[in-house]
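Below: the structure, in structure tokens.
A note on names: the letters A, B, ... follow the listed sequences, proteins ahead of strands, and every chain is numbered from 1.
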Protein chains: 2
Amino acid sequence: MKSRDISLAACSYSHVLEIISNKWTALVIYSLENGTIRYGEIQRRIEGISQKMLTQTLRQLERDGLVSRKVTPSVPPIVEYALTPLGDSLIPCMKMLKDWAADHYSEVGKAREAYDTSGAEPVVR
Amino acid sequence: MKSRDISLAACSYSHVLEIISNKWTALVIYSLENGTIRYGEIQRRIEGISQKMLTQTLRQLERDGLVSRKVTPSVPPIVEYALTPLGDSLIPCMKMLKDWAADHYSEVGKAREAYDTSGAEPVVR
DNA sequence: CCGAATCCCCAGAGATACTG
DNA sequence: CAGTATCTCTGGGGATTCGG
């Protein structure tokens, strides 16, 4: 009984990906990796993110227990976000991914170029 | 000049995620981690994947230089897939992710449950 | 046996405008 | 400042059918 089927539900890969594979999630976690930070600051850090997506992403991360949210009721209100210990434990993984990308992404670029040059780009994109 | 903005394009996180964040990519890589394997076998391994998605995923991985494809023209044809060295270099990262999930995913589950119980599930899902 | 091609649907992502 | 509320539209992904 070696490696049997690996349906979505059964495989732990899916669980992590379910968490970090959204377009913005990884960037948001990244922006928090140096400590507590305010909403507006995150938005300034991540160029191109809309309020909607930022809020949605933060809510998801909060729900997953990776990010904590602290509201200071004042006028104007101050809302700060930070990684929880659980969220922090993800950082090494993220870093490894990032390092892999830094080391190998140029190869991927080359491969794509080669692939697209030989055949007449049959990939859907 | 500390951590400035981290727009999509500039950040290496995005590059990796661009590769592995599709629904099936990680599973396909996982199914190849023990060596060469045939198309049909992959499909049998990954429960629920359609031919379209499998083919599409394999093409993308091939284009990215992570997977090699070897056709033996016969009747019926034999098509075998394997990880390239580049693809192989991703395995440790994937494994780390998988281990994180194995270790911490239950906590995520708890966090979600708690979150959904306290507020009346305001998250979009 | 290994795919390519087609049709269809809906969740996810952007843009915009409004509120406490 | 930190969100919520809508509206729209694209493209990822499933089901099905055809070809070598």
Taking the nucleotide of DNA chain C with the nearest heavy atom to each, does Ile49(A) or Val71(B) sit closer to the 5' end? Val71(B)
Does Tyr81(A) have a side-chain nitrogen or oxygen under 4.0 Å from the phosphate oxygens OP1 or OP2 of dG3(D)? yes
Phosphate OP1/OP2 of dC2(C) contacted by Arg38(B) side-chain N/O (<4.0 Å): yes
So, does Arg59(B) get its side chain near the phosphate of dG3(C), meaning an N or O under 4.0 Å from OP1 or OP2? yes
In whole angstrom, what separates Glu62(A)'s CD from dA2(D)'s C1'? 14 Å
Tell me if a side-chain donor or acceptor on Thr55(B) pairs with a main-chain N or O of Gln51(B) at a distance below 3.5 Å. yes
When you compare the side chain of Lys98(B) with that of Tyr30(B), does any pair of heavy atoms fall below 4.5 Å? yes
Output the single nucleotide from dG3(D), dG3(C), dC2(C) whose closest atom is nearest the side chain of Tyr39(A). dG3(D)
Could you pick out which residue, Leu58(B) or Pro76(A), lies toward the 5' side of DNA chain C when each is mapped onto its nearest nucleotide? Leu58(B)
Kindly say whether, by distance alone, the side chain of Lys23(B) makes a donor-acceptor pair under 3.5 Å with the base of dG13(D)? no
From CD of Gln51(B) across to P of dG3(C) the rounded distance in Å is 11 Å
Ionic contact status for Arg38(A) with Glu41(A), cut-off 4.0 Å: no
Ile46(A) CD1 to dG14(C) P, straight-line distance once rounded to whole Å: 12 Å
Quick one: Glu18(B) CD to dG11(D) P, roughly how many Å, whole number? 15 Å
Side chains of Val67(A) and Val28(A), heavy atoms from C-beta outward: is any pair under 4.5 Å? no
Arg59(B)/Glu62(B) ion pair, N-O < 4.0 Å: yes
Closest to the Lys52(A) side chain: dT6(C), dA15(C), dC1(C)? dA15(C)
Looking at Arg44(B), does any N or O in its side chain come under 4.0 Å of the phosphate oxygens OP1/OP2 on dC1(C)? no
Please report, rounded to the nearest Å, how far the C1' atom of dC2(C) is from the NZ atom of Lys70(B). 16 Å
Rounded to the Å, how far apart are Gln56(B) CD and dT6(C) P? 15 Å
For the pair made of CG in Asn22(A) and C1' in dG12(C), what is the distance, rounded to whole Å? 9 Å
Rounded interatomic separation in angstrom, taking CE from Met53(A) and C1' from dT4(D): 13 Å
